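Working notes, structure below.
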Amino acid sequence: MSAAQSNLSIQDEISAAILQILNQAQSQLNCEIPGELTLDRPKNREHGDYATSIALALAKPSGQPPRKIAEIIVAGLSRRADIAAVEIAGAGFVNITLATASQGGVISNILAAGKQFGHGNKLNGVAINLEFISANPTGPLHLGHTRWAAVGDALGRVLAAAGAKVVREFYVNDRGVQMDKFGASLQAVALAQARPEDGYHGAYIAELATEVIAKSPKIMELSGDEQLSAFRDLGYELQLAQQKEVLDKFGTHFDVWFSEKSLYENNFFTHCQEVLKSKGHVFEEAGAIWLRTTDFGDDKDRVMVKSDGSMAYFASDSAYYISKRERGFEICIYMLGADHHGYTGRLKALAACNGDDPEYNVHVLIGQMVKIMEGGEEVKLSKRAGTIITLEELVEKVGVDAARYTLIRYPVDTPMVMDVDILRSRTNENPVYYVQYAHARICAVLRNASDVGIKFGSEQIHPDLLVHERERELIGVLGEFPRVVAGAAELREPHRVARYVEELAGVYHRFYSDCRVLPLGDETPSELHSARATLCLATAQVISNGLELLGVSAPEKM
RNA sequence: GCGCCUGUAGCUCAGUCGGAUAGAGCAACCGCCUUCUAAGCGGUAGGCCGCAGGUUCGAUUCCUGCCAGGCGCACCA
């Protein structure tokens with residue numbers, strides 16, 4: 001841990017101090033004091049830099065009037081040199097205004113920690129399996145997958161920033177009925193026959209079949225089932241490679257591509273079945289083998305092995321979960337589309353059948369639908385895939401940064417509409433440019449500062465000079481970043497980082513218009529110029545760190 | 001029928017492990033480039049936070065019911 005990380009922020013110090021004061025007043029209060037207290041940043045700036053409503057919350061249990069408790073806090077805090085004012089407001093809010101000089105700590109922490117600023121230890125050492133996309137390797141990735149490609153990747157970064165040991169995993173459904181239909185569709189096209197009714201009908205099938213033949217011309221000499229499985233296997237390889245390539249260009253990388261087929265190798269499935277059986281929730285009925293998930297709230301029991309001896313999909317789900325747990329993952333995060341939300345119950349029940357705590361060990365995120373608009377109309381058709389818009393096409397239309405950013409900035413349970421025209425625009429309407437522009441703008445200012453010989457950096461903080469309202473505001477928002485990252489990780493909501501970075505960009509733009517950074521004309525460079533340039537430097541660092549967590553670039557010029 | 005998600009400004013959406021006057025962008029109107037990136041900034045206007053109850057000192061946030069929309073309820077994957 002670096003020195004900067006071990007430094008408590010001023011905010012943490014004050015909340016710890018308040019808790020200490022309350023604990024010391026235990027005899028008067030005679031009630032339980034919470035173990036943790038977070039200071040809020042009040043919406044209204046007249047309410048100071050930080051505020052707490054703890055006095056109101058403790059009024060009831062302690063039987064004391066809230067203002068009296070507030071007075072105890074005020075008395076305890078007023079001696080501190082880093083606080084300029086502590087006031088009681090309203091029914092019993094305690095409003096705290098920092099001493100100007102104490103604001104420097106934030107800036108120096110940012111500069112010292114650099115790219116690590118914002119990283120924390122809330123999830124230190126927790127092994128998390130993050131499974132997302134897991135599209136069938138039978139076609140290109142579409143819009144729904146794209147949402148997960150962006151959000152899942154960002155969530156992985158955010159969790160890692162909170163200290164978790166994250167493994168990103170893509171589950172490849174490389175066996176089963178869908179694969180067979182896929183192979184049959186390829187074969188049919190190659191033989192110029194009609195594709196099976198329930199097969200794959202996208203235009204990409206024809207392209208794939210051509211590629212398969214080009215790669216392995218002898219395939220046409222094979223016959224029947226042999227040819228079918230050759231088409232299936234080669235088509236699968238090519239399609240999976242295509243998915244990997246597209247994701248790579250999108251900036252989403254996986255640590256593990258987990259093969260469903262592998263669950264049935266080396267008797268692993270049999271082993272899983274034994275494990276579940278030993279916990280007492282497996283039973284046989286009507287010739288099939290079931291897991292009694294209704295023991296744990298599922299609406300019906302689930303078949304693992306069908307009466308004809310073949311594997312139901314849930315067999316793989318079960319084995320896969322057990323594999324994750326046996327590989328040492330404490331928390332398994334599943335990111336599913338809204339059309340699969342019915343899985344939640346059985347996945348949680350499965351964990352419970354395995355003796356786990358479904359509330360802790362399993363976390364299911366449900367992503368709502370994504371629509372795409374262009375020219376005021378919903379885009380529905382795709383030349384390549386027949387009926388769906390692919391990840392590739394979206395990126396062609398708007399670019400990686402705009403696509404990723406937009407997909408991440410909404411909570412996943414909000415159905416969202418992407419407007420291509422807005423994503424291509426370069427205005428306030430397009431938040432990704434708004435944020436990137438702030439970063440580029442700072443870089444320009446700092447280039448100019450160097451040209452003019454203004455010094456900036458950790459030796460040039462001069463916090464006591466930063467008294468302008470806009471400077472105060474900016475410093476306050478910068479200090480929130482670690483808390484935002486920790487919250488995003490804990491709640492599995494990376495969009496919080498995007499919203500934060502937008503707020504920060506806004507606060508910076510306002511600072512920029514009101515506070516001249518560089519000397520005007522023949523003005524002599526002063527410490528204030530240095531202090532402001534240093535503040536700019538710290539802001540650029542935080543914007544860049546925030547965008548990094550989203551997998552979006554922070555350009556130095558635009 | 002049962003279950004999950006959603007309902008906040010004219011539009012697209014934040015906010016909600018209960019807190020002070022509910023936010024942003026767009027659209028409308030009025031301003032700001034003779035010196036740092038105007039892809040920017042300031043201002044005006046715009047709200048029964050779906051409806052009705054309940055818990056609370058305090059509810060857009062928690063609970064219940066209802067209304068509206070989306071999506072699911074296979075020995076399919």
Side-chain angles (χ1 to χ4, degrees), chain A residues 40 42-44 46-47 51-53 56-57 59-60 65-66 89-93 95 136 138 173 175-179 181 198 260 285-290 299-300 302-314 316-317 337-345 364 366-369 373 409-417 419 422 425-434 436-438 440-449 451-452 454 487 490-491 495-496 498-499 502-503 505-506 508-523 529 532-533 536 557-558:
Chain A
D40 305 313
K43 293 170 201 159
N44 187 334
E46 285 165 23
H47 296 150
T52 176
S53 60
L56 291 160
K60 185 100 179 205
F93 293 97
N95 294 336
N136 283 338
T138 55
N173 300 117
R175 63 169 286 282
V177 187
Q178 294 306 315
M179 285 305 296
K181 288 180 183 169
D198 57 353
E260 181 187 357
E285 193 179 291
I289 299 176
W290 303 65
D299 19 356
K300 54 195 72 167
R302 303 292 166 180
V303 170
M304 293 197 291
V305 184
K306 300 187 224 172
S307 49
D308 67 2
S310 66
M311 297 297 161
Y313 194 73
F314 190 67
S316 299
D317 284 341
D339 51 343
H340 287 83
H341 74 255
Y343 280 36
T344 309
V364 182
I366 302 296
Q368 296 295 321
M369 300 300 173
M373 306 283 288
R409 81 185 277 269
Y410 300 96
V412 293
D413 44 19
T414 306
M416 63 171 294
V417 179
D419 189 318
I422 288 177
S425 75
R426 304 179 158 195
T427 62
N428 268 359
E429 259 184 296
N430 194 352
V432 68
Y433 283 112
Y434 183 78
Q436 289 183 319
Y437 180 67
R441 196 179 220 188
I442 294 172
C443 291
V445 171
L446 293 178
R447 281 192 297 270
N448 297 340
D451 290 349
V452 195
I454 302 286
E490 224 168 2
L491 299 167
H495 77 275
R496 286 166 184 272
R499 298 289 171 165
E502 286 169 36
E503 188 197 351
Y508 178 78
H509 285 310
R510 287 189 281 281
F511 155 79
Y512 177 88
S513 3
D514 288 1
C515 299
R516 175 80 200 186
V517 178
L518 301 179
L520 277 166
D522 51 1
E523 199 183 340
H529 297 124
R532 285 182 170 167
C536 288
K557 283 183 184 171
M558 284 174 78

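First the proteins, then the strands, lettered A, B, ... as listed; each starts at 1. Only a predicted model underlies this, so the values are computations on that prediction, with no experimental measurement involved. All values below were derived from every heavy atom in this structure, side-chain atoms included, with hydrogens, water molecules and symmetry-related copies excluded.
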Do [X] side-chain and [N] base share a donor-acceptor contact under 3.5 Å?
X	N	answer
A:N44	B:rU21	yes
A:H340	B:rG72	no
A:N95	B:rA20	yes
A:S307	B:rC75	yes

Contact under 4.0 Å: [X] side-chain N or O vs [N] OP1/OP2:
X	N	value
A:R409	B:rA14	no
A:K43	B:rA20	yes
A:R516	B:rC41	no

Whole-Å distance separating the CE atom of A:M416 from the P atom of B:rU12: 13 Å
Between B:rA14 atom P and A:L491 atom CG, what is the distance in whole Å? 15 Å
Name the orientation of the base relative to the sugar in B:rC29: syn if the glycosidic angle is within 90° of 0, else anti. anti
Whole-angstrom distance between B:rA22 and B:rC49, as gauged at atom P: 10 Å
Does the side-chain ring of A:F93 lie flat on the base of B:rA20, meaning centres under 5.5 Å and planes less than 30 degrees apart? yes
May I ask you to check whether A:F511 and A:Y508 place their ring centres under 6.0 Å from each other? yes
Exceeds 12 heavy-atom contacts within 6.0 angstrom, atom CD of A:E46: no
Between A:N430 and A:I422, is there a donor-acceptor pair closer than 3.5 Å when you use the side chain of the first and the backbone of the second? yes
A:A51 near the nucleic acid: base, sugar-phosphate alone, or nothing, with a heavy-atom cut-off under 4.0 Å? base
